[in-house]
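For reference, the structure discussed in these notes is given below.
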Amino acid sequence: MELQIIKTQHPKQKPAAGEPLGFGKYFTDHMFTMRYTAGQGWHDAKIEPYAPVAFDLATTVFHYAQGIFEGLKAFKNEQGEVRVFRPEENFKRMNRSADRMCIPRIDEQFVLNGLFELLKLEKDWIPTAPGTALYIRPSIIATKVALGVHASNEYLFFIILSPVGSYYAHGLAPTRLLVEDYYTRATVGGTGESKCIANYAVSLKAGEEAEKKGFDQVLWLDANEKKYVEEVGSMNMFFVIGGEVVTPALVGSILPGITRKSCIELLQANGYKVSERRVSIDEVIAAQKNGTLDEAFGTGTAAVISPVGMMEYKGQDYVVNGGEMGKITKWLYDTITGIQTGKLPDPHGWVVKL
Ligand code: COI
């Protein structure tokens with residue numbers, strides 16, 4: 001398949017240097033789009049000016065949420081080199097999400113090349129201030145116009161780009177989590193391990209209630225017993241308990257995060273003991289009470305490495321590490337962002353340089 005490139009005649013004003021970017025507020029001049037039609041496969045791959053797209057209101061994705069997405073980041077170093085962090089992992093995971101949601105697979109190499117062409121065109125949009133990046137959002141949505149509950153036979157794949165700062169308005173300050181013991185996010189056999197759009201819709205109610213009480217996010221427990229820690233929706237969770245770094249095992253209801261995987265690999269390569277296992281909220285609370293909960297942090301593309309300073313469970317507050325960022329959390333933040341931006345060597349070969 002050919003990739004058509006249509007350049008904009010009306011480039012937008014970029015955010016001024018030093019302007020706080022927030023998360024997902026600005027979008028670049030171009031987008032990558034590609035259509036799927038049953039019997040024909042993926043076709044009409046284009047890089048074109050960023051613009052709204054009109055849809056019939058009976059389009060499948062609006063009614064039955066047949067849609068998936070990814071999130072990854074590109075950086076630019078002082079020499080102007082564009083660096084993309086583990087992009088092949090995202091398109092592999094996108095195909096796993098596609099299988100779960102009855103969406104046709106994409107050609108990973110083709111969309112990777114499309115992404116690289118898009119990034120070359122949008123190079124000047126990549127912010128360089130510390131803590132900033134160009135966030136990349138690939139998505140696939142079902143575009144058949146029909147109300148029957150069936151997998152669509154038409155799809156739109158797209159990639160849009162957004163210069164971003166930190167995901168949390170308070171930056172790297174430790175987050176406050178509400179351990180959710182009523183609402184649930186996902187069950188084993190459901191879609192929790194896929195990056196499907198509905199997973200985020202089901203989390204909104206609990207998130208809003210938590211925000212009203214002054215929390216940043218909800219820490220989800222397993223839906224069956226409300227006993228085991230799962231994830232935070234936008235982050236995977238890690239705890240440092242008595243010198244062991246523990247992260248919930250991927251039991252089927254947890255997103256297999258690429259930052260999560262990178263942290264495990266980095267920690268192991270540097271001699272830390274890392275366990276992927278079920279971790280109950282009671283174990284975490286007991287560790288906090290007996291002084292062995294050294295650190296807690298979340299990991300994600302958008303959130304990077306975010307320290308957790310406090311958790312509330314059943315009306316009780318549990319402060320972690322005096323509400324400060326812990327040593328391992330800081331080391332991981334510095335190491336991952338150092339590799340991404342080129343300030344540190346990339347011994348695992350994770351960065352694709354354009
Ligand atoms: C990401 O970290 O890329 C995510 O997709 C999480 C969230 C912003 C939806």
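Here the structure is a predicted model, which is why all the values come from computation and not from measurement. In listed order, ligands and their atoms are each counted from 1.
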Item to check | Salt bridge flag under 4.0 Å for residues R83 and E81 | outcome: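 Looking at R83 and E81, the cut-off is met.
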
Item to check | ILVMFWY cluster membership beyond V218 - transitive side-chain contacts under 4.5 angstrom | outcome: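 So far as hydrophobic clustering goes, V218 is joined with Y182, Y183, W220.
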
Which residue holds the protein heavy atom closest to [atom], what is that atom called, and what is the gap in Å?
| atom | answer |
| --- | --- |
| atom 2 (O) of ligand 1 | A302 N, 2.8 Å |
| atom 5 (O) of ligand 1 | K195 NZ, 2.7 Å |
| atom 7 (C) of ligand 1 | S234 CB, 4.0 Å |
| atom 9 (C) of ligand 1 | Y200 CE2, 3.6 Å |

Checklist entry - Any side-chain donor-acceptor pair under 3.5 Å between D107 and Q109? => result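 There is no such pair between these side chains.
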
Checklist entry - Which ligand 1 atoms, with their elements, are less than 4.0 angstrom from a heavy-atom of F69? => result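 Those of ligand 1 that fall under 4.0 Å from F69 are 5 (O).
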
Checklist entry - Which ligand 1 atoms does Y135 reach within 4.0 Å, using its non-hydrogen atoms? => result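 Result: 1 (C), 3 (O), 4 (C), 5 (O).
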
Checklist entry - Parallel, tilted or perpendicular: which fits the ring planes of F23 and Y167, with parallel below 30° and perpendicular above 60°? => result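 Plane angle over 60°, so perpendicular.
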
Checklist entry - Among pairs that include at least one residue of residues 316-349, which meet ring-ring contact (aromatic ring centres under 6.0 Å, His included), considering only residues two or more places apart or in two chains? => result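 Matches after skipping sequence neighbours: Y272-W331, H348-W350.
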
